[in-house]
Protein chains: 2
Amino acid sequence: MPPEKRLAPYGDYSLDAAAGRILARHRDRIRTRKPHVAVAKLARIIEATLKLSNRQGFQAMSLRDLAEAAGLSMGGLYSYFDGKETLLVMILGEVSSAAEGLLAAAPDEVRDDPAAHLAWLIEMHVLLSEAMQPFFVFAYMEAKSFPAPARKRAIASEAATEAIFAKVLAEGAARGVFKIDDPDFAAALIKPLIQDWYVKRPKYAKRGVSAEVYARGVSDFVLRALGAR
Amino acid sequence: MPPEKRLAPYGDYSLDAAAGRILARHRDRIRTRKPHVAVAKLARIIEATLKLSNRQGFQAMSLRDLAEAAGLSMGGLYSYFDGKETLLVMILGEVSSAAEGLLAAAPDEVRDDPAAHLAWLIEMHVLLSEAMQPFFVFAYMEAKSFPAPARKRAIASEAATEAIFAKVLAEGAARGVFKIDDPDFAAALIKPLIQDWYVKRPKYAKRGVSAEVYARGVSDFVLRALGAR
DNA sequence: GAAAAAATCGAGCGAGCGCTCGATTTATTA
DNA sequence: TAATAAATCGAGCGCTCGCTCGATTTTTTC
């Protein structure tokens, strides 16, 4: 089953859907009134922002270049955000909201088995980062230049993800499925393994490793490290 | 044994020593003739660059701010480099040269045992990144904005590190010490675990995890995943 | 301690930045 | 189709950037 299909029951991760959610989240800051116009333009702006930023960094992307890439004028851009920083916040919000929404949605048949739950979390996280790859790369690379509030939210969001892993690990340890001393430490090591998928994507692409193969490989690696295989 | 002590046989990772090597590497671009003056000033410049960059990013650091933090004038700075990009290249070169130099220096008693060799590589890599923490954070965070040639070198340097891991893993697999199908894939997963130490340092500091404890934890995790424990 | 050499200074240059706002075009209404 | 509202435009503003270079200070030489 292709990744979009496996992910599909949990939401729509297309660019337009993301633009729609971003519009809803920032309706008050966006001057364009008609939703279908706003969503379409917003999608082009977000798309162009991700493209330019992931090449040279958000700071180095000029709004003139963005305007040209998105097919708008300088002034036109400012109908969709009230400053460059808001554009950053819009994208970040979409990433963390998508991640939090998905990971909390584990199906019941998986929740009962810590090993299966853990594998599900890893797989879904990887598939999500694949479906929203430019968003995830952006959020990861620009994390250091976040404005203070967004930064705090990003750290909190990552801590929340880690807490989900830690809880499953602790549950598994209690049941004797995982042989580990420190669930929190083990949980901390899982995140970077998932992040490596989208951070070093070209490396894996060159080796012909797909998202599913990567997710499976990481699951196996982690489960063996936890003494579950 | 404290980390500097364990690392000591393999080189001097102090700021002044790094400044000395950087000076030697870029003698032709640096106008200041007297080495002891040049090394001292260069050390202050590098130190200030790492401090300011790791807060807001290299691009966002202005040379005026750098001059003030380093205790020089704008013009004074330009006796030590011929452009902002050169400053970037100087620091990157020091990081990759330190990493490559150290990892190739495994002692003989460790080379014979794949598991010990792997543990040594992981530990030394973590301790090095601890001793040169601002350098490593800088190199990692600014990787995307490298000028093209430096970027290629950084990717090559990372691939070289990974190849060292892969070789040890393949050797261990051949001897039956490691139970793995794909040494290259496993090698790819080790790097992000090491990087997490310096990228997410505050998280581990808050939990009271030291460099040695982290290195040991990662070693154990990896060796179990490889079926060696 | 005067002359020469080395090192440092900092105001000023052109360029590009984020952002604004009155003018203009496009879409909707009656 | 005339009037109104919505959306877009882009030249221009103030500012900061990387960088230069003649003036100045510090160090070395004899």
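Everything numeric in this text was worked out from a predicted model, so none of it was measured. Sequence lines set the chain letters: A, B, ... in the order given, protein chains first and strands last, and positions in each chain run from 1.
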When you measure from the side-chain N and O atoms of T32(A) to the phosphate of dT8(D), is any distance below 4.0 Å, counting only OP1 and OP2? yes

Could K84(B) and F58(B) be counted as a cation-pi pair, given that NZ or CZ must be under 6.0 Å from the ring centre and within 45° of the axis? yes

Classify the ring geometry of H125(A) against F165(A): parallel below 30°, tilted from 30° to 60°, perpendicular beyond 60°. parallel

What is the separation between atom CZ on R33(B) and atom C1' on dT8(C), rounded to the nearest whole Å? 16 Å

Would you call the rings of Y140(B) and Y140(A) parallel, tilted or perpendicular, where under 30° means parallel and over 60° means perpendicular? perpendicular

Roughly, in whole Å, what's the span from CD1 in I45(A) to P in dA7(D)? 13 Å

Closer than 4.0 Å, any side-chain N/O of K41(A) to the OP1 or OP2 of dT8(D)? yes

Between P on dA7(C) and CG on L42(B), what's the gap in Å once rounded to a whole number? 13 Å

Looking only at side-chain N and O atoms, does S157(A) offer a donor or acceptor that is under 3.5 Å from a partner on E100(A)? yes

Length of the CD-P vector between E68(B) and dC9(C), whole Å: 12 Å

Answer yes or no: is there an ion pair linking E158(A) with K191(A), defined by an N-O contact shorter than 4.0 Å? yes

Results of salt bridge (Lys or Arg N to Asp or Glu O under 4.0 Å) for R207(A) - residues two or more places apart only: E162(B)

Counting only side-chain N and O atoms of S73(A), is one of them less than 4.0 Å from OP1 or OP2 of dA11(D)? no

Could you run through nucleotides 15-26 of chain D and give me one letter per nucleotide, 5' to 3': B if any protein heavy atom sits under 4.0 Å from the base, S if only the sugar-phosphate is that close, - if neither? --BBBBB-----

Can you check whether D196(A) reaches K203(A) side chain to side chain, under 4.5 Å on heavy atoms? yes

Using a 4.0 Å heavy-atom cut-off, write out nucleotides 24-30 of chain C from 5' to 3' as B (base contacted by protein), S (sugar-phosphate only) or - (no contact). ---SS--

Could you go through the side chain to side chain donor-acceptor pair (under 3.5 Å) check for R29(A) and T86(A) one step at a time? CA-CA 9 Å; R29(A) 302 205 200 202; T86(A) 299; 3.1 Å; yes

Considering only heavy atoms from C-beta outward, does the side chain of V222(A) approach that of L189(A) to under 4.5 Å? no

Atom CG of L77(B) and atom P of dA7(C) are separated, to the nearest Å, by 16 Å

